[in-house]
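Just so it is clear, the values below take in all heavy atoms, side chains as well, and ignore hydrogens, waters and symmetry mates. Numbers restart at 1 for each chain; the letters A, B, ... are given by sequence-line order, proteins then strands. Quantities reported herein were computed from a predicted structural model and do not represent experimental measurements.
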Amino acid sequence: MSERMLEKTYDPGQVEDRIYRMWMDKGYFRAEVDENKEPFCIVIPPPNITGELHMGHALDNTLQDILIRWRRMQGYSALWLPGTDHASIATEVKIVEKLEEEGLTKNDLGRDEFLKRAWQWKEQYGGRITQQLKKLGSSLDWSRERFTMDEGCSRAVIEVFVRLYRKGLIYRGDRLINWCTDCMTALSDAEVEHEEEQGNLWYIKYPIKDADEVIMVATTRPETMLGDTAVAVHPDDERFRHLIGKTVILPLMNREIPIIADEYVQREFGTGAVKITPAHDPNDFEVALRHDLPWISVIDESGAMNENAGKYAGMDRYQARRAVVEDLERMGLIDRIEDLKHNVGHCYRCGTVVEPLISKQWFVRMKPLAQPAIEAVRDGRIKFVPERFEKIYFNWMENIKDWCISRQLWWGHRIPAYYCQDCGETMVDYQMPERCSACGGTALEQDEDVLDTWFSSALWPFSTLGWPDKTRDLEYFYPTSVLVTGYDIIFFWVARMIFSGLEHMREVPFRHVFIHGIVRDSEGRKMSKSLGNGIDPLEVIKRYGADALRLTLVTGNSPGNDMRFYWERVEASRNFCNKIWNAARFILMNIQNAGITEPRAGELELPDRWILSRYNRLVEEVTENLEKFELGIAVQKLYDFIWDEFCDWYIELAKPGLYGRDRRVQETKLYVLNHVLLNTMKLLHPFMPFITEEIWQYLPHHQEDSIMISSWPKVDGRAIDPEAENRMWAIMDAIRSIRNIRAEMEVPPSRKAKVVLVVDRQDRSLFEESKIYFERLAWASAVQVREDREGIPSNAVSAVTGKVQIFMPLEDLVDIEKEMERLLREKKNLENELARVESKLSNDNFVRKAPPEVVEQEREKRKKYQDMMDKVLKRIESLKK
RNA sequence: GGGCGCAUAGCUCAGCUGGGAGAGCACUUGCCUUACAAGCAAGGGGUCAUAGGUUCAAGUCCUAUUGCGCCCACCA
C-alpha cells in the first residue's frame, strides 16, 4: 500500500520523461527472438534525417505504438523497429543551401568533401527526430535502430542492384525522363506532381514544302518547336490525308521535317495536327520510336536553350518561349492564341516545372515485378485497411512504367556500375572489378550517380532485419505484421516494398497495410511551412502532455480519413487525463483507510456485479475493435466506460458502502474499484501510456513491475451478467427520472425529498435493497417502496419508468397544473411510442419475416409502454379528483 | 478522361456485418454534493445532401443527381 498521495491535477511534465527513462532502463522495448511466443513486428516508416517531428509523424507513430503496446501485452514478441532515411534529394538540397550561405557550391567542395559534410550533418541532426519520437512515448526497440545508409542497408542495396541487373531487370539506356532543372537530377514518375495551370495554346502555321499550303499545329510550348522532327496527323483524318508523306519547312529553323500519320493524334483537339518534339515530350518520344524519327534536344539540364536552338541558344526556356512567339508573330505564322488549362509537372521536392529530357539513366523493368505484387494483394496475402486503397494500388501497379532509379546527386547509395575507360564496357558488381571483363583494361570508373532514395526504402522491411544475411531476426520477424502509413506514400513506398519483398524474400513484407489520413489545421488546410499553419506536436506535449496529444489524434479517427486539429480537442483529452487521475486518487485515498479483500461468492452487491459485467463486455469489444484496426472506436468505448459508467455511476454507487461501517463491505468495494481501474488502465495503456503507467505504479495488487509488460485483460465470461445489468439499469433509470423531475422543478440538491416507489411485487426486493442509492444519487431523504398507491397525496410529483412509478411529495413546490401538463406530455410520448410499436406488430410481413428475436423485442416494448401508460392514466385520474 | 472520399446537432466528427440517431466542443438551467469546477446533475438542438430503388425494416445496401475535396492519366 502506497503512502504517497496524488496531486489534485495530473501533471504530465512531472511524469513522462521519468517513465520513459524507466522503460528504457528496464529494457522493455527490446524484443527477443522467442520461439515460445508469436512474433509481431512493425517497421517504422523511417523519417528523413532532415525532418523534425510534425503532426503527421505524431499520428503515424501513435497508431503504431498503440498496436505494438497492445500486442506486446497480449504476449507477442513485439518488435517495433526504428530508423531513419537518408532522404537523398531532401538532404542534399539542405546541405547545398547551407553551403550557399558560406558562398560555396557543391563543385567547390568536390564529392568526397561534400559527403564528409553530409555525414557530419547526419551525425548532428539525424538523431533529432528519433529523440522527438521518444517524447511521444514510442516504444521502439532502440537497440535495433537502423539507417538507410548504414553498412547493412547499403549492402542490401548493392545486393539487390546486382541481382536485378543480372536478372535483366535493371538496365541503362537513353530514355525520356523527368528532369528537375533546379535539383539538376532525373526524377521518377512518382516524383512528379501534376498541377492544373492556366496556359495558352498557340496555333502555328507550318508551311508545306513546294506547295502553297500550310499545316497548322497547336502547342502549349512553342519553344519546343525548335526541336521538332515531324508533324503528325491521324491516319484517317480526311483533312490531312493528302499531306501525309510530304514535308514541311520548320519555321525559324528552316529544317525539313516529314508529315506522318499516327493514331496517337486526337482529331478533335487543336487543329488535328501535332508538332512532334521527341526530345521534350513523352508522347512525342513514343511517336518518334514508332516512326524512327530523330530527336533533337534543344533544352539543357539547367532549363536553358542549347546549341541546337539556333539563335535562341543560351536563353532560359521561358525567355525563349516569348522570343519564339514574337518572331513567329512577326512572320505572320501565329494564327491565334487561346487560353487553355492544362497539367504541368512539378518536382515534388522544389516545385520547379519538370522538363522532359532525353538522358542516359538506370531503370528497373517493372512489369515482371509488378505482376506478383498485384497477385499478393488480389489473393489476400496482403490486406489494405481500409480496403478501398487496394483499388488505388492496383490502378498504379497495373499501369506502371519502368522506374528511373539513377539520380544525379552525391548523397545516397552510389550505383555499383563500373565503366571501362578503354573499351566502354559496363560491369555491375559488388565492388569494383580488378580489370575489364571485356578488354582486360584496368582503367575503370564507377558510375557517378546515386540511387533514388526510395530504392533503399523499398528494402526496409528486410534490410533492417539483417538481409542479405540469414539472421535469426529475419527468420523470426519476417514477414512483418503491419505497415502503418499515410495514403500519400502508397506509391513511393508501400508498392515498392511489396514487389521488393516478393522478389528478394519470396514472401510479402507485411500482412496488413494500415492507412491513415493526414492531420490538417482547424480550417481543413494541409499543415505546411509556407502557410505557417503547422502545429508543433512537441509544443502540444509540453502544454498538455503526450497522452493528451495521442488521445486527440486517435479519437474520432477512422482509417484512411483526414482529420482536423483543434486545441479544444486537446483540452478535452487533457480533461480526460485529469478525470482518470482523480478516479485513481479517490480510490487510493480510500485504500489508505481500508484494505482490499477479494470478495467471496455472494458478497458482491448489485452495482459490483453490474460494473464487472460491463467491464468484461468492454474487454471483449475493445479487443475486437483493435483486431479490426478500429482504434478510434476502441478508445471511444474506453472513454465512455471510464467516464460515464465507472466514474459517474459506479464510484458514486460504491460510496455508500465505502463510507459505511462494515469493513468487509468497504474492502469489497475497494477490491472492485481497484480491479476495474487497474484493468481499464491496462486497456487504455496502448493509447495513453504515461498516465496509465503512473497510476499503475500507485495502485496495489499487481505482480508486474510495469503496466507495459503486464498482460492484456481477458474476458471473464462468468462475470457477464445480463440480469445484473437489467436490474441495475432499472435503478439507474429511476434515479435519472427523479433527477429529471428535480431539475425541472429547480429543487436544489441541498433540499432532500421523500421518495415513494410503487413497484410490482417481483421487483420489490430489488428496490428495497437499492434505497441507499436513491438517497445518495437522487437526494432522497427517505425512500418508501410499496406495491400499492393508496394514500399517496395528490400534491406529489410523479414519474413513470419501465419498472416503477415514482412519487415525490414536495408539497410546497407542487403545482398541480404543471404536474398535469407533464403527465399529458408523458401520455403523448407514450401514445407515439405505442403507435410505432403497434404499426410494426400489426404488420403481418414484419411478424412473419423479421427475425423472431426482433419481433420479441417489439412485443416486450409494447408491454412496457402499455404498463407505463396505465400508470400515467391512473395518475391523471387521481389528480382530477 | 478514369477512380476515390466526404456530405449526420451551431462547429468538428464517430456510427463495424441494415432492427428505435451518438460524442467532444459550444449553448441553456441548477449545483463549490468531503476524487475531479479541467467537475457534477438536468436540458435544448438533427425530414442523417437530393431523387428513385431493394427490404417486413435504410444514416447504413443499389442507381442517378448536386456540392466540396483528393488521387491517377500522354489530348499537344
Strictly below 4.0 Å: does [X] bring a side-chain N or O up to OP1 or OP2 of [N]?
X: A/K8; N: B/A37; result: yes
X: A/R776; N: B/U33; result: no
X: A/T9; N: B/A38; result: no
X: A/K391; N: B/G3; result: no

Please tabulate, one pair per line, each protein N/O and nucleotide N/O from nucleotides 72-76 of chain B that are separated by under 3.5 Å, including the distance.
unit_1, atom_1, unit_2, atom_2, d
B/A73, N6, A/N343, ND2, 2.5
B/C74, OP1, A/K401, NZ, 3.2
B/C74, O4', A/N283, OD1, 3.1
B/C74, O2', A/N283, ND2, 2.6
B/C74, N1, A/N283, OD1, 2.9
B/C74, O2, A/N283, OD1, 3.1
B/C75, O2, A/Q266, OE1, 3.1
B/A76, O2', A/A218, O, 3.4
B/A76, N6, A/Q266, O, 2.9
B/A76, N6, A/F269, O, 2.8
B/A76, N1, A/Q266, N, 3.3

Base paired to B/G45 (Watson-Crick or G-U; both N/O distances under 3.5 angstrom): none
Does the structure show a Watson-Crick or G-U wobble partner for B/U50, both distances under 3.5 Å? Name it, or say none. B/A64
Got a list of protein N/O to nucleotides 25-31 of chain B N/O distances below 3.5 Å?
none

Classify the side-chain pair A/Y639/A/D644 by whether it contains a donor and acceptor separated by less than 3.5 Å. no
cation_pi(A/R290, A/W295) dist<6.0 Å, angle<=45: no
Can you check the A/K861 NZ to B/G19 P distance for me, whole Å? 12 Å
Atom CD of A/E630 and atom P of B/C16 are separated, to the nearest Å, by 9 Å
Taking donor-acceptor contacts at under 3.5 Å, does the side chain of A/R574 reach the base of B/A38? yes
Output the single nucleotide from [options] whose closest atom is nearest the side chain of [X].
X: A/Y566; options: B/C16, B/U12, B/A35; value: B/U12
X: A/K849; options: B/C56, B/A14, B/C13; value: B/C56
X: A/Q636; options: B/C56, B/C4, B/A23; value: B/A23

Which residues in residues 643-651 of chain A have at least one heavy atom lying under 4.0 Å from any atom of RNA chain B? A/W643, A/C647, A/D648, A/I651
Taking it one step at a time, do A/R836 and A/E838 satisfy salt bridge (Lys or Arg N to Asp or Glu O under 4.0 Å)? CA-CA 5 Å; A/R836 178 153 44 183; A/E838 206 54 57; over 6 Å; no
